[in-house]
Amino acid sequence: MRIEEHPILSFDKGRRVDFIFDGKTYEGYEGEPIAAALHAAGIMVLGHSHNKQRPRGFYCAIGNCSSCLMVVNGQPNVRVCTEKLQENMIVETQVGKGDLR
Amino acid sequence: MLEKTGVATEQDLAKAIPTKERLAKGPVAIIECFQRIPCNPCYTSCKRGAIKEFEDINDTPEINFEICNGCGVCVSNCPGLAIVVVDESYSNEEALVKIPYEFLPLPVEGSFVTGLDREGKPVCRAKVMKVLNTKAMDRTPLITLAVPKELSMTVRFMKHHDIYSDNTFICRCEELTLGELRELIRKGYNTIDEIRRISRAGMGPCQGRTCRQLIMQELAAATGKKMSEMPISTFRPPVKPIKLGTIAGGERGE
Amino acid sequence: MRTTEIAIIGGGPAGLCAAISAASLGAKVTLIDRNDNLGGQLIKQTHMFFGSQKQYASIRGIDIAGILMKDLDKYQDKIELMLDATVIGMYEDGVIALEQNEKYIKIKPQSVIVATGASEKFLTFPNNDLPGIYGAGAVQTLANVHGVAPGKNVVMVGAGNIGLIVSYQLMQAGINIKAIIDASPKIGGYLVHASKIRRMGIPILTSHTVKYAHGKDRLEKVTLCRLDEKWQQVPDSEFDIETDVLCISVGLSPLTELLWQQGCEMKYVPELGGHVPVRNENLETSMKGIFVAGDVAGVEEASSAMVEGRLAGLCAAKALGYIAADFEEQKNDCLDQLNSLRSGHVGEKIRSGLAQVTV
Ligand SMILES: Cc1cc2nc3c(=O)[nH]c(=O)nc-3n(C[C@H](O)[C@H](O)[C@H](O)COP(=O)(O)OP(=O)(O)OC[C@H]3O[C@@H](n4cnc5c(N)ncnc54)[C@H](O)[C@@H]3O)c2cc1C
Ligand code: SF4
Ligand code: SF4
Ligand code: FES
Ligand code: FES
């Protein structure tokens with residue numbers, strides 16, 4: 001959900017771009033964190049923990065806690081709370097510890 | 001108790017409320033700030049010098065009610081939003097309460113809202129007398145509410161829709177409530193025709209006979225126009241609901 | 001290897017003020033932040049700040065960041081900015097290692113001001129890892145920086161200033177706050193903040209805690225319970241609240257890794273948020289030439305972080321021979337401001353904490 005009106009802030013967004021999450025196309029704004037774009041699209045589960053397979057969302061949103069690791073353009077272990085969205089990015093949930101390809 | 005609930009008690013408030021005589025004279029600031037915190041913009045923003053100089057930045061504000069003229073400058077400068085202006089000289093029945101309101105949508109002047117107490121409980125219907133939102137206020141607009149006089153020290157916030165409006169039907173046919181109507185007016189639907197088109201109110205089986213007048217009254221109250229000056233809705237035949245067949249069958253009548 | 005006179009790690013209010021004060025005396029400064037923007041916590045603070053005019057009271061945090069940035073611009077020729085640059089190590093020979101654009105960069109400064117701020121504490125209860133359970137800072141970043149709502153309904157854990165302010169800000173963004181709870185019997189944040197939230201009809205439940213979070217793929221419901229005077233659960237006091245977001249705001253702990261690496265003497269001081277560096281009046285740590293300022297030196301407020309930054313900048317510059325003509329006067333002004341900010345009822349904790357680590 002995007003915040004449409006705000007009494008104090010106005011949000012200057014980048015360009016609207018498409019990106020792909022687990023095979024499906026979504027829209028987001030260029031330059032915003034991938035996690036924000038996913039969240040705005042209603043996706044809160046970013047992955048599953050590697051031992052107990054528990055669902056994982058973000059926690060700190062500033063790159064401290066590593067709760068939000070995903071595979072981005074084939075590269076595993078990307079912190080999507082700080083990684084910026086670009087056009088046609090391919091974002092995937094990470095299975096396990098993320099094999100380094 | 002304030003420490004536990006966040007709601008000031010009568011004891012706390014006793015220090016903040018001026019005498020009846022002073023209240024009767026006109027607008028005055030009520031500062032509900034009872035804890036020593038490092039903060040002093042109320043003092044620095046009051047150009048009249050009504051607030052005693054802080055010796056230590058942690059002092060709680062001490063106001064001289066005789067110097068304060070209720071100008072309201074301190075209200076939008078207080079980071080704690082702890083100040084309101086109360087004017088009991090407004091009328092015999094009503095007092096004005098000026099509150100800071102940093103939310104959207106802003107209420108519309110002339111419309112009615114619900115007055116809330118310090119716990120957010122609805123306590124009265126309040127008319128919005130003024131909405132001030134200047135650059136100097138830096139996104140902390142001031143809303144002036146007219147409230148029943150005995151609630152001048154009770155009402156401290158507002159919410160949209162008054163407490164009576166949500167189950168109050170204006171258009172029985174199309175089930176439009178007073179609350180919904182006010183929301184439409186707030187959104188800028190300012191003539192009866194616009195309201196009819198967007199909500200279907202007035203287009204039910206009674207053809208608006210039950211609701212037209214009520215909608216216009218509400219519009220008049222919100223926009224400040226006189227009933228006599230308002231555009232009336234376009235009347236289209238038939239003026240009374242008839243079976244479709246009646247028209248289709250023509251004049252011959254079988 | 002790159003060199004500089006003063007490296008400042010962290011571009012929040014503390015780091016910004018340190019950079020401005022050191023550069024204004026003529027020192028060459030390198031200001032490093034891992035974000036692509038300066039301002040630290042300020043960039044999400046939409047509310048008016050406390051303090052006095054000297055600490056920009058009554059101005060919104062977001063705008064204070066703008067004011068500091070303008071001041072910084074005046075010393076462009078003295079200040080080198082490194083953004084999107086994360087300091088990953090600080091070695092005993094004084095070399096700083098950082099990563100910027102996937103490049104590994106080393107810098108050798110003559111002195112360092114560490115102003116890395118603090119990170120959020122976590123809370124333990126079953127299923128505390130479900131998506132939908134977020135740190136308050138995270139929710140604030142999402143809503144106020146990126147314009148995305150964390151969810152529809154929020155239960156806030158923690159009635160300190162951060163919990164209260166973030167709740168208010170979420171309401172401003174149109175998000176419903178179901179309740180604010182706190183294990184303590186008293187509201188920890190400023191009471192004026194608490195009162196303004198209560199007026200909106202939001203309950204503040206003191207002596208309450210989270211017992212359990214429920215949900216399959218994401219948070220759906222929380223079980224809360226009441227605590228007695230000994231912070232023990234009152235039997236049969238559990239109740240459920242449906243919510244899609246639980247926001248945790250139970251305090252911050254200083255981000256001190258770099259100081260540990262340097263071998264600075266550290267001390268555990270709960271009043272200041274955890275382990276903090278031992279420092280002298282000039283904010284210099286036990287390691288010569290390593291200064292600290294802001295939340296990393298003890299979790300406090302932006303108002304004090306700015307003054308500490310200015311003081312650290314002043315003293316670090318002096319150590320390198322850039323001495324302000326009115327150094328003593330400026331230093332005393334900083335110390336006076338800090339004293340007065342901390343002299344109130346709420347500053348009591350900070351005062352007792354600082355007494356343990358200031359030598
Ligand atoms: C919700 C909320 C409300 C608040 N309200 C108020 C208020 O009303 N008044 C008030 O005075 N204070 C308030 N504060 C507190 C205030 O924001 C902080 O005390 C202040 O920001 C601390 O400043 P700082 O510079 O020490 O740290 P920060 O602002 O946290 O800045 C630290 C910076 O260092 C960077 N950094 C950290 N590690 C590294 C690294 N390894 N490499 C590179 N960069 C790094 C970070 O990215 C960050 O930009 C509030 C805080 C919050 C969360
Ligand atoms: S209302 Fe005006 S005169 Fe009264 S204390 Fe506030 S600023 Fe001063
Ligand atoms: S400005 Fe507001 S919060 Fe600050 S001391 Fe004055 S009344 Fe209290
Ligand atoms: S959410 Fe903490 S690192 Fe991304
Ligand atoms: S929470 Fe334990 S390492 Fe991240």
Give the minimum heavy-atom separation between [X] and [Y], together with the two atoms involved.
X      : Y      : answer
A:H39  : C:A149 : ND1-O, 3.6 Å
C:A143 : A:I3   : O-CD1, 3.6 Å
A:P55  : C:P131 : O-CD, 3.5 Å

Quick check for you: among [options], which has the greatest number of heavy-atom pairs under 4.5 Å with chain A?
options                       : answer
C:D129, C:D244, C:T86, C:L130 : C:D129
C:A138, C:G215, C:G174        : C:A138
C:G147, C:G151, C:A173        : C:G147
C:N144, C:T141, C:I133        : C:N144

Under a 4.5 Å heavy-atom cut-off, does chain A meet the side chain of [X], its backbone, both or neither?
X      : answer
C:A136 : neither
C:D36  : side chain
C:S119 : both
C:K216 : backbone
C:D84  : side chain

Notebook entry, point to check: Given the rule in the side-chain contact (heavy atoms from CB on, under 4.5 Å) test, do A:L9 and C:V145 qualify, once you have shown the distances and angles that lead to the verdict?
Noted result: CA-CA 9 Å; A:L9 295 167; C:V145 181; over 6 Å; no

Next item on the list: Could you have a look at A:N64, A:T82, A:L46 and say which one has the most heavy-atom pairs with chain C under 4.5 angstrom?
Entry: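 Ranked by heavy-atom pairs under 4.5 Å with chain C, first place is A:N64.
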
Check: Of all of A:A35, A:A61, A:A37, which one pairs up most often with chain C through heavy atoms under 4.5 Å apart?
Finding: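 Going by pairs under 4.5 Å, I would pick A:A61.
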
Next item on the list: Flag yes if more than 12 heavy atoms outside A:K13 fall under 6.0 Å of its NZ atom; otherwise flag no.
Entry: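 Yes - once you tally the heavy atoms of other residues, nucleotides and ligands closer than 6.0 Å, there are more than 12.
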
Checklist line | C:E242, CD: over 12 other non-hydrogen atoms inside 6.0 angstrom | finding: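 12 or below, so no.
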
Checklist line | Atom pair CZ/CE of C:R218 and A:M44 - distance to nearest 0.5 Å | finding: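 CE of A:M44 is found 3.5 Å from CZ of C:R218.
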
Check: Taking atom CG of A:L85 and atom NE2 of C:H146, what is their separation to the nearest 0.5 Å?
Finding: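 A:L85 CG to C:H146 NE2: 11.5 Å, rounded to 0.5 Å.
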
Note to self: If you apply the rule side-chain contact (heavy atoms from CB on, under 4.5 Å), what do you find for C:N127 with A:R54, and how did you get there?
What the structure shows: CA-CA 9 Å; C:N127 294 328; A:R54 315 238 328 155; 2.9 Å; yes

Item checked: Region of A:I62 that comes under 4.5 Å of a non-hydrogen atom in chain C ->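 Contact with chain C involves both backbone and side-chain atoms of A:I62.
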
Next item on the list: Please state whether the rings of C:Y134 and A:F58 are parallel, tilted or perpendicular, taking 30° and 60° as the class boundaries.
Entry: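 Answer is parallel, since the angle falls under 30°.
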
Note to self: Working note: C:V148 + A:M1, criterion side-chain contact (heavy atoms from CB on, under 4.5 Å); need CA distance, chi angles, decisive distance, verdict.
What the structure shows: CA-CA 6 Å; C:V148 173; A:M1 277 173 300; 5.9 Å; no

Next item on the list: Name all residues meeting the salt bridge (Lys or Arg N to Asp or Glu O under 4.0 Å) criterion together with C:E120; count only those two or more places apart in sequence or in a different chain, and write none if there are none.
Entry: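 Scan of C:E120 (salt bridge (Lys or Arg N to Asp or Glu O under 4.0 Å), adjacent residues dropped) gives none.
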
For residues 251-260 of chain C, please give each side-chain donor-acceptor pair under 3.5 Å, one per line with the distance, not counting sequence neighbours.
from, atom 1, to, atom 2, distance (Å)
C:T256, OG1, C:W260, NE1, 3.2

